[in-house]
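Please read the structure below before turning to the comments.
Excluded from the calculations below are hydrogen atoms, water molecules and symmetry mates; all remaining heavy atoms, backbone and side chain alike, are included. These figures come from a predicted structure and were not determined experimentally.
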Amino acid sequence: MSDGIEKRFILFFMKNTFYLVFCFLLSFATLNAKEKKPAWLTSEPQDDVYQAIGMASLTETDYLRKAEENALSELAKQISVVVNEESFLTYQERNNNGVVSSADDYQQQTQLSVKTLIEGYKRVGDYTDKKSKTYYVCYSLNKLTYKMSCEKKQREISDRCLSFLKQASVAEVEGQLIRAMQLYEQGLKQAEPWLFLELSGVHNNMKVNLPVVILQSYMSVLDNLKLEATPTQVEIGEGQNNVNITIILTRNKTAIANIPINAVFAEGSGNITSNAKTDSEGKAVFTLKSLTGKQQNGELLFSIDRSIQNDLPQTYRQYISQQTWPTVRVIVTKQATAVKTAYLNIKKGDMPAAEKQIRAILANNHFSLTADPTEAEVFIDMKTELEVAGTVKGEMYDLNECLVSLQMDFYNYLTNQLLFTYSVNQLRVLTPQSATVEQTTAQCTRELMKKVQKELPKKL
């Protein structure tokens, strides 16, 4: 009896022990299964796909979306590192010509562009690590699918770039340089987001890297400009003697229109048209009106007006400091003025001091005065008049109202032909009534000569 009970107890114990062990092992296996990380999280992707993992903390708001964005960004970053061997960026790295030093300069822009080419990506899976409170998601993109997207985009962008290159080349040949630059810049803007791709096309019967050719052409639009002047040396009379100077702007023997040209005196001073634009024949005409100052010679410097920078595309302006602008110089010589022998005849002289000063003005302005009228080339009749017209009441004292006049008639002595007349008519001068005749005459002479010294040399 006791043996039966003992056997049943042992059997019961064994059954329950086995059950407990089984439950423990099952729980352990289930726990391990839950905690096991997916293979894509730790293993390398297959060779025929691009694969990227994005992660976000479970504590973040909208962590699912953020992890997905991070995964796609990482996928784009991974792809953008693979720059096409025939791309603009690779060309710049090889040549290091100063415009772009490495692909890193365009890394961010490249990643944004790549994002538009990763259509067809697939979600590999996701995983939540409860211990680290981190959510992971994995995306992959077949390399062949991506390659086909690239080839389609390459054809699209290459066609656009080639169109702008051809239009700009035609404008450049026709001498429309500003338009050519604008077209080149539009071509560069089309290419800029896709510089990691092979953007090529046939131009002038040659297969070329389009961004490279466009940039090189863009940078050289203002090269080989040439300015010429006709004439290169001019002679001008003192005071005035309008002379036209024609400036011609060409590039590789092609006339360049609508370019502003600037004129300045590099030496000396004078009056000249400050700027003019070239016409359809590349010509800009300037009028030299006078050469002033004591110098007998001057030098004009003609150049492209820097205001052209306002018409240049914004991207191009950063290269202006590298641009060598053409210039041309014109020598200006003042004509030697022949000295005329003159005889000054005083018909009436109410102001003797004025006569002396006028003689000095004549001597300083191309006249040699002689005491013998038969030796003169120019005969000058001069009269000065001083008339007291009345009295003017003043606050402190009364004033004399004096009317002062001067007339000078210039004749050709041989033909008796009147050359010109200079006159001052009834210049009003107020003098103290208590002043002596000498004081009144001196004051009237001073006022008259202020006017004469300003006006007479211009007539002579």
For Gln443 and Leu430, work out which heavy atoms get closest and say how close.
NE2-O, 3.0 Å

Any side-chain heavy-atom pair of Gln357 and Thr445 under 4.5 Å:
yes

Distance-minimising heavy-atom pair for Leu188 and Tyr218:
CD1-CD2, 3.5 Å

Should Val404 and Glu447 count as side-chain neighbours, where that means a heavy-atom distance under 4.5 Å?
no

Check Gln51 against Cys138 and note the closest heavy-atom contact, atom names and distance.
CG-SG, 3.5 Å

If we ignore hydrogens and angles and just use 3.5 Å, is the side chain of Ser405 paired with the main-chain N or O of Gln426 as donor and acceptor?
yes

Shortest non-hydrogen pair, Ala191 vs Pro211, comes out as CB-CG, 4.0 Å

Taking atom types as modelled, find out whether Asn297 and Glu299 have a side-chain donor-acceptor pair closer than 3.5 angstrom.
no

Aromatic ring centroids of Tyr50 and Tyr146 under 6.0 Å?
yes

Contact check, side chains of Ile256 and Leu177, non-hydrogen atoms, under 4.5 Å
yes

Run the salt bridge (charged side-chain N to carboxylate O under 4.0 Å, His left out) test on Lys77 and Glu74 for me, step by step, so that the C-alpha distance in whole Å, both residues' side-chain angles and the decisive distance to 0.1 Å come before the verdict.
CA-CA 5 Å; Lys77 182 178 180 182; Glu74 185 63 28; 5.0 Å; no

Establish, from distance only, whether the side-chain atoms of Ser73 and Glu69 form a donor-acceptor pair under 3.5 Å.
no

Rounded to the nearest 0.5 Å, how far apart are CD1 of Ile358 and CG of Leu362?
7.5 Å

Give a yes or no on whether the backbone of Arg155 and the side-chain of Ser158 come within a donor-acceptor separation of less than 3.5 Å.
no

CG on Leu403 to CG on Leu427, rounded to 0.5 Å
8.5 Å

Students often mix this up, so state it plainly: with edges at 30° and 60°, are the rings of Tyr135 and Tyr63 parallel, tilted or perpendicular?
perpendicular

Check whether Gln216 reaches the backbone of Val213 with its side chain - one donor and one acceptor, N or O, closer than 3.5 Å.
no

Side-chain donor-acceptor contact under 3.5 Å, Tyr422 with Glu455:
yes

side-chain hydrogen bond (donor to acceptor under 3.5 Å, both in side chains) evaluation trace for Asn244 with Thr287
CA-CA 5 Å; Asn244 286 339; Thr287 301; 3.0 Å; yes

CD (Gln186) and OG (Ser163) are apart, to the nearest 0.5 Å, by 9.5 Å

Checking Thr384 against Asp350: is there a side-chain donor and acceptor pair closer than 3.5 Å?
no

Look at atom CZ of Arg179 and say whether more than 12 heavy atoms of other residues, nucleotides or ligands are closer to it than 6.0 Å.
no

Could you walk me through whether Phe302 and Thr327 satisfy the side-chain contact (heavy atoms from CB on, under 4.5 Å) test, starting with their C-alpha distance in whole Å, then the side-chain angles of each, then the deciding distance to 0.1 Å, before giving a yes or no?
CA-CA 6 Å; Phe302 296 90; Thr327 60; over 6 Å; no

When you check the side-chain N and O atoms of Thr292 and Ser269, is any donor under 3.5 Å from an acceptor?
yes

Atom pair OG1/CD of Thr254 and Glu174 - distance to nearest 0.5 Å
10.0 Å

Any donor-acceptor pair under 3.5 Å linking the side chain of Asp372 with the backbone of Thr374?
yes

Are the side chains of Ile247 and Leu227 in touch, meaning some heavy atoms are under 4.5 Å apart?
yes

Exercise: identify the closest heavy-atom pair between Met382 and Leu344:
CB-CD1, 3.9 Å

Would Phe379 and Phe410 count as a side-chain contact (heavy atoms from CB on, under 4.5 Å) if you check the C-alpha gap in whole Å, the side-chain angles of each, and the deciding distance to 0.1 Å?
CA-CA 6 Å; Phe379 187 88; Phe410 291 74; over 6 Å; no

Using a 4.5 Å cut-off on heavy atoms from C-beta on, say whether the side chain of Cys150 contacts that of Leu197.
yes

Got a salt bridge between Lys166 and Glu172, using NZ or NE/NH1/NH2 to carboxylate O under 4.0 Å?
no

Would you say the side-chain atoms of Glu375 and Thr341 include a donor-acceptor pair closer than 3.5 Å?
no

Where the side chain of Asn204 meets the backbone of Met206, is there a donor-acceptor pair that is under 3.5 Å apart?
no

Among side-chain atoms of Asn345 and Asp381, is any donor-acceptor pair under 3.5 angstrom?
yes

Is it the case that atom NZ in Lys66 sees more than 12 heavy atoms from other parts of the structure closer than 6.0 Å?
yes

Find out whether Asn400 and Pro432 are in side-chain contact, i.e. whether some heavy atom of one side chain is under 4.5 Å from a heavy atom of the other.
no

Could you tell me if the side chain of Met408 sits less than 4.5 Å from the side chain of Thr421, heavy atoms only?
no

Could you tell me whether Tyr397 atom OH has more than 12 heavy atoms of other residues or ligands within 6.0 Å of it?
no

Going through the checks in order, is the side-chain contact (heavy atoms from CB on, under 4.5 Å) test met by Leu386 and Met351?
CA-CA 7 Å; Leu386 193 161; Met351 291 174 285; 4.2 Å; yes

Salt bridge or not between Lys153 and Glu156? Use side-chain N to carboxylate O under 4.0 Å.
yes

Is it true that a side-chain atom of Glu60 and a backbone atom of Ser57 form a donor plus acceptor pair closer than 3.5 Å?
yes

Is it true that a side-chain atom of Thr441 and a backbone atom of Val437 form a donor plus acceptor pair closer than 3.5 Å?
yes

List the steps and the verdict of side-chain hydrogen bond (donor to acceptor under 3.5 Å, both in side chains) for Asn209 and Ser200.
CA-CA 5 Å; Asn209 185 314; Ser200 61; over 6 Å; no

Criterion side-chain contact (heavy atoms from CB on, under 4.5 Å) on Asn258 and Ile178, from CA distance to verdict:
CA-CA 9 Å; Asn258 297 318; Ile178 301 299; over 6 Å; no

Close side-chain approach of Val388 to Glu401, heavy-atom, < 4.5 Å
no

Checking side-chain polar atoms at under 3.5 Å, does Ser132 have a donor or acceptor matched by the opposite partner on Thr134?
yes

Between CG on residue Asn425 and CD on residue Glu385, distance to nearest 0.5 Å
9.5 Å

Ile259 backbone acceptor or donor facing Thr278 side chain under 3.5 Å:
yes

Is there a donor-acceptor contact under 3.5 Å from the side chain of Arg251 to the main chain of Leu222?
no

Donor-acceptor check, side chain of Asp279 to backbone of Lys283, threshold 3.5 angstrom: yes or no?
yes

As an exercise, state the distance from OG1 of Thr273 to CD1 of Ile261, rounded to the nearest 0.5 Å.
13.0 Å

Looking at every heavy atom in both Ala71 and Gly54, which two are closest together, and how far apart are they?
CB-N, 3.4 Å

